Each structure stands twice: as C-alpha cells, then as structure tokens.
Amino acid sequence: MKSEVKLYKLEDLANRYLQKDLRVNPEYQRGTNWSEPQKQSLIDSLLRGYEIPLFYVHLKETPNFAGGLNVTASLVDGQQRIAAVADYMKNKFALPDVEAEVQKTVNPTLLVAQAPWHGKKFEELSPEHQTQLRNRELRVVEMREEHDRQNEVRDLFIRLQAGTPLTAQEK
C-alpha cells in the first residue's frame, strides 16, 4: 500500500464529505453516533488549535470507458469527526454556553477555559473565528492499494479499530 500524508483545509474536507466526493464505505463506517457534547468538544478543540487525530482515506482507481482512471475516495477513519465539523458549519448545533451549561456538559474542561465562541453556532462566530475554522489544516493519510496487495486498507482499518478503549478517567 502506498500512503501519503496531505494537508486539507477543514472547509474543503467538510465540503467533499457533504458533496459525497469523500464517500462513507459501510465496510469501514457504521454511521454517525457522536453525542452533541462530543461534537462541541471537537469544534472547541479545533478553534483552540489543538491537534486532532489523522483522517484516513482510501483512494481507489478504476478504469473508465475512455481509457482513463476514475478515482473514488472512501473514509476509513474519521467519519465522526468530519460529520461533526460538517454539522457545525451547517449551524446544526451551538457550542456550549458556559453560564447555561454548567450542570449539563459532559466535558467540564470546556467550562474552565472560557472562549469567545462559547454558546455560538458557526454563523454567529466572529469573521476571524469563522476564517480560522475554515482554513484550519487537517492531516489526511491518502492510501492507494497496489493491485497485487489487495485488502491492505481493510487490514489497517481492523488495526485502527482494535485498540483498547479509553477508560472513563482517560476520556
């Protein structure tokens, strides 16, 4: 398998996901199931400039009628994160409001480090914070399988998902 780490702007990656240019392969992804507090925590982390895990994308080439190649891109790892980003950019949820959410938040660290984006949907962010989020660069591992080495992407997916889950304290 050939792989290469590339940087993509957050907005470009979210748009490719929304336009289905970055496909969800049910073999790897089972749908979105993050809670709103998990999504809020991710967006807050991105706005703070924290590093988040890599995204893994499988690029598959297939011959087309004209003799060229069509390339399809499928998410192998990162669906929950990219779906959360896309939902936030479509104003489907607001970040937690420190004053109103004290009793309800799952992530108390969001409350400790108050930020100017708390309580806001994407459209309510300052133009500077909107630009910061749109232009945030995310690391994507693009993988291409060689014809004589099929199923390496599936093997990588199994390895990525086979880790020991975090304990409640580690979360």
Side-chain angles (χ1 to χ4, degrees), residues 3-25 28-59 71-143 156-157 160-161 163 165-171:
S3 64
E4 181 179 359
V5 178
K6 292 190 176 179
L7 295 176
Y8 283 88
K9 286 185 180 181
L10 179 142
E11 183 175 46
D12 294 338
L13 200 59
N15 285 338
R16 289 178 187 200
Y17 173 76
L18 289 170
Q19 295 165 0
K20 307 223 184 298
D21 292 334
L22 182 55
R23 300 177 182 181
V24 174
N25 182 336
Y28 304 126
Q29 303 295 327
R30 293 171 295 281
T32 56
N33 60 8
W34 267 14
S35 67
E36 189 169 288
Q38 288 173 302
K39 294 176 186 182
Q40 292 169 327
S41 182
L42 174 72
I43 301 303
D44 184 78
S45 296
L46 289 166
L47 285 164
R48 291 180 191 279
Y50 297 166
E51 288 297 320
I52 65 169
L54 297 167
F55 291 84
Y56 287 85
V57 174
H58 178 204
L59 300 177
V71 178
T72 57
S74 299
L75 268 171
V76 174
D77 190 60
Q79 181 187 14
Q80 302 301 323
R81 285 171 275 138
I82 196 63
V85 165
D87 283 352
Y88 186 68
M89 293 182 81
K90 289 171 41 181
N91 298 299
K92 288 191 173 184
F93 65 92
L95 295 176
D97 183 343
V98 174
E99 317 251 325
E101 298 286 331
V102 171
Q103 299 299 322
K104 297 193 295 190
T105 188
V106 79
N107 189 348
T109 60
L110 293 180
L111 302 178
V112 174
Q114 186 170 354
W117 48 80
H118 280 177
K120 296 182 180 177
K121 292 184 176 184
F122 180 76
E123 66 186 4
E124 299 167 333
L125 293 176
S126 70
E128 295 81 21
H129 287 125
Q130 286 182 9
T131 300
Q132 174 189 346
L133 196 57
R134 281 188 180 111
N135 292 334
R136 173 68 192 268
E137 290 188 327
L138 301 174
R139 293 174 295 143
V140 177
V141 178
E142 292 182 347
M143 303 171 295
L156 174 64
F157 171 75
L160 286 170
Q161 301 306 315
L166 295 174
T167 66
Q169 184 176 10
E170 290 169 329
K171 289 179 185 176

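Here, residue 1 is the first one in the sequence, and each next residue gets the next number. These numbers come from the heavy atoms of this one structure, side chains and all, not from hydrogens, waters or symmetry mates. Nothing here was measured: the structure is a model prediction, and the numbers come from that model.
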Could you tell me whether a side-chain N or O of Glu4 sits under 3.5 Å from a main-chain N or O of Val141, the two making a donor and an acceptor? no
Reported CD-to-CH2 distance for the pair Gln130 and Trp117, which is rounded to 0.5 angstrom: 13.5 Å
State, yes or no, whether a side-chain contact exists between Ile82 and Leu75 at a heavy-atom distance under 4.5 Å. yes
Output, in order, the C-alpha distance, side-chain angles, deciding distance and verdict of side-chain contact (heavy atoms from CB on, under 4.5 Å) for Phe93 and Lys39. CA-CA 9 Å; Phe93 65 92; Lys39 294 176 186 182; 3.6 Å; yes
Going by the salt bridge (Lys or Arg N to Asp or Glu O under 4.0 Å) test, which pairs reach into residues 9-20, not counting sequence neighbours? Glu11-Arg134
Let's go through Val140 and Val5 carefully: what are the C-alpha distance in whole Å and the side-chain angles of both, what is the deciding distance for side-chain contact (heavy atoms from CB on, under 4.5 Å) to 0.1 Å, and is it a yes or a no? CA-CA 6 Å; Val140 177; Val5 178; over 6 Å; no
If you look at every heavy atom in Val76 and His58, which pair is closest and at what distance? CG2-CB, 3.7 Å
Shortest non-hydrogen separation from Ala84 to Ile43 and the atoms involved: O-CD1, 4.2 Å
Could you check whether the rings of Phe122 and Tyr88 sit parallel, tilted or perpendicular, using 30° and 60° as the cut-offs? perpendicular
Using modelled atom types and a 3.5 Å cut-off, is there a donor and acceptor pairing between side-chain atoms of Gln80 and backbone atoms of Asn33? yes
CG of Asp77 to CG of Leu54, rounded to nearest 0.5 Å, is 9.0 Å
Please lay out, stage by stage, how Val57 and Met143 fare under the test side-chain contact (heavy atoms from CB on, under 4.5 Å). CA-CA 6 Å; Val57 174; Met143 303 171 295; 6.0 Å; no
Please say whether the positively charged group of Arg81, taken as NZ for Lys or CZ for Arg, lies over the ring of Phe55, i.e. under 6.0 angstrom from the six-membered ring centre and within 45 degrees of the axis. yes
In chain order, what residues pass the side-chain contact (heavy atoms from CB on, under 4.5 Å) check against Glu128, with sequence neighbours excluded? Ser126
Shortest non-hydrogen pair, His129 vs Pro116, comes out as CE1-CG, 3.6 Å
Should Leu95 and Lys120 count as side-chain neighbours, where that means a heavy-atom distance under 4.5 Å? no
Determine, step by step, whether Leu13 and Leu22 satisfy the side-chain contact (heavy atoms from CB on, under 4.5 Å) criterion, reporting the C-alpha distance in whole Å, the side-chain angles of both residues, the deciding distance to 0.1 Å, and the verdict. CA-CA 8 Å; Leu13 200 59; Leu22 182 55; 3.8 Å; yes
In this structure, CE of Met89 is separated from CG of Leu125 (nearest 0.5 Å) by 9.5 Å
Least distance between heavy atoms, Arg136 atom then Leu46 atom: NH1-O, 2.8 Å
Side chains of Leu42 and Trp34, heavy atoms from C-beta outward: is any pair under 4.5 Å? yes
Could you tell me whether the side chain of Lys90 reaches within less than 4.5 Å of the side chain of Leu18, counting heavy atoms only? yes
Can you check whether Leu59's main-chain N or O pairs, donor with acceptor, with Glu142's side chain at less than 3.5 Å? no
Is the closest side-chain donor-acceptor distance between Ser41 and Gln38 under 3.5 Å? no
Does any part of the side chain of His118, heavy atoms only, come nearer than 4.5 Å to the side chain of Asp44, both counted from C-beta? yes
Shortest non-hydrogen pair, Gly119 vs Ala94, comes out as O-CB, 3.9 Å
